[in-house]
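Values below: every heavy atom of this structure, side chains too, minus hydrogens, waters and symmetry copies.
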Amino acid sequence: MSLAQTLYQWADDRFDLGDAEEFGGKAFPAEDSFLLGEIALFCFVMLALTGIFLGFFFEPSTSATTYEGSVAKFQGEELPAAFASVLQITYDVPFGMFIRRFHHWAAHLFVASIGLHMLRVFFTGSYRNPREPNWIVGTGLAILAIGAAYTGYALPFDEFAATATGIGFNVTTSIPVVGDFLANIVFGGSFPSSATIPRLYFLHVLVIPVLIVALLAVHMLILIRQKHTESQREDTVAPAAASDGGDRTVDREDDTVVVGLPAFPNQAAVSAVVFFLTLATLSLLAGFLPVHNIAAYGPNNPAGTPDLIMPDWFLMWLYGFLKLLPSWLSFTIPIVGIHVSAEFIGGLGIPALIFLIIFAWPFIDREDEPVHFTADPLNRPWQTSVGVSAVVFIMLASLGGMNNLAARATGLSTGTLNPLLLAALIVGPILAFGIVYWTLREPLTGSAEEVPSDD
């Protein structure tokens, strides 16, 4: 018995997880890429390790301190402690710049791999019965990943990051009734206050990571207890690992067993390769591509605003709603007198509705019987049309978040461009749905009609 199986057996004796040999032989589909989720897991591990390193040197405080580091233009100046500590990490701590860049790119790849993983699951119908719970858990992980990235974005407390974080503060205060209360909890009152950085730091390094670990554990436990979805088998029979270590044949319609690689040692070896490829990719990005240059922006200045403010790509669509929705959408609810602003509708209302639909999707496209094979997106007209239109919607909203760049490229003012982008945001997804549905309305499966010959 291998070391991994011995450790698993030890845990099984205490938690009744199941037979170690059975777990070691758990099959992973060989034909398909199920590795995006593993990339996300590896990114999170690297984020935790690099975050520990950075945490040794970061000071979560806005108190003034005299800077005595390597950046000449700030020598002897009074700077916020958080800003000064990030300067120290970047320019004075050995390997500090590399680790900071590595942490940055790992965060981006973490969010991206979760998003791509969810798209794969969506378009192949892998969220269907009995896997609805894991879809819900995965959606929660996506929200937490974005939350972790946002709270970390603010920590350097430079002019750019503080201004971008202030947008989140304004959106929070726009929540009817409870907005000021929530802003006081998360941001420590008026932004920026002396409590802002410590509270965001607490959320970034403890609260959100603990929640991510908890959901990852639930996600993995569900995955262990359930079989992987598998692509439709093309052959009448296919080889599969038998309990005695040999092979046996499996009918193409048999959904009680997964045809593929056992967890140990085959899939473990594949996962190791993916881990080192992920490590290498992030190392190359950290070594050659710069990240947020706080020395160029300088410390937070409440009286100033950088010329070009925009969030990272995974929050750009939210920023697009804030930019494109007209102010006349604001209204006051009669009788109760509660004011609902366009800022709340764009910053929280529409995103909350989007995520609510994502959470509920397995129950919208529901199956009464368990489904253990993936579906061909080309044979799912309305589901694929919804997915494509949703992607188009997010892309157009992200373009709205970059309206200042679009204005420069087109020579139009943002005032002229915004109504056009808003119209595209409404019409574009509808057109995308119609085009895709019209293209896929005839299923690809089934027997082809015979064409009479000339004989």
Considering all heavy atoms of both residues, which atom of [X] and which atom of [Y] are nearest to each other, and what is their separation?
X: L289; Y: R101; result: O-CD, 3.6 Å
X: T414; Y: A407; result: CG2-CB, 3.9 Å
X: S193; Y: G188; result: OG-O, 2.9 Å
X: A342; Y: L329; result: CB-CB, 4.2 Å
X: G37; Y: H117; result: N-ND1, 3.7 Å
X: A432; Y: S389; result: CB-CA, 4.1 Å

For the side chain of [X] and the backbone of [Y], is there at least one donor-acceptor N/O pair under 3.5 Å apart?
X: T196; Y: P192; result: no
X: K323; Y: A397; result: no
X: S330; Y: S341; result: no
X: T374; Y: S126; result: no
X: Y150; Y: T165; result: yes
X: N403; Y: L399; result: no

Do the non-hydrogen side-chain atoms of [X] and [Y] ever get within less than 4.5 Å of each other?
X: P299; Y: F74; answer: yes
X: F393; Y: W317; answer: no
X: R120; Y: L116; answer: no
X: V111; Y: D312; answer: no
X: L54; Y: I99; answer: yes
X: T151; Y: F202; answer: no

Are [X] and [Y] an aromatic pair by the rule of ring centers under 6.0 Å?
X: Y67; Y: F83; value: no
X: H292; Y: Y297; value: yes
X: F187; Y: F169; value: yes
X: F363; Y: F359; value: no
X: F288; Y: F102; value: no
X: H108; Y: F314; value: yes

[atom1] of [X] to [atom2] of [Y]: how many Å apart, nearest 0.5 Å?
X: F110; Y: L47; atom1: CZ; atom2: CG; result: 7.0 Å
X: L279; Y: L284; atom1: CG; atom2: CG; result: 9.5 Å
X: Y319; Y: I167; atom1: OH; atom2: CD1; result: 4.0 Å
X: Q383; Y: R128; atom1: CD; atom2: CZ; result: 8.0 Å
X: I426; Y: L431; atom1: CD1; atom2: CG; result: 12.0 Å
X: E343; Y: S327; atom1: CD; atom2: OG; result: 11.5 Å

(request) Give me the one residue out of H103, R100, H104 that meets side-chain hydrogen bond (donor to acceptor under 3.5 Å, both in side chains) with T50. (result)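 That would be H103; it is the only one of H103, R100, H104 passing the side-chain hydrogen bond (donor to acceptor under 3.5 Å, both in side chains) with T50.
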Ignoring hydrogens and angles, state whether a donor on the side chain of [X] or [Y] is under 3.5 Å from an acceptor on the partner side chain.
X: T66; Y: E77; result: no
X: R131; Y: H372; result: yes
X: N301; Y: E159; result: no
X: N300; Y: D158; result: no
X: D365; Y: Y127; result: yes

(request) Give a yes or no on whether M316 atom CE has more than 12 heavy-atom contacts from other residues, nucleotides or ligands under 6.0 Å away. (result)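 Yes, enclosed.
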(message) Angle between ring planes, W135 versus F122, binned at 30° and 60°: parallel, tilted or perpendicular?
(response)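 If you compare the ring of W135 with that of F122, the planes turn out tilted.
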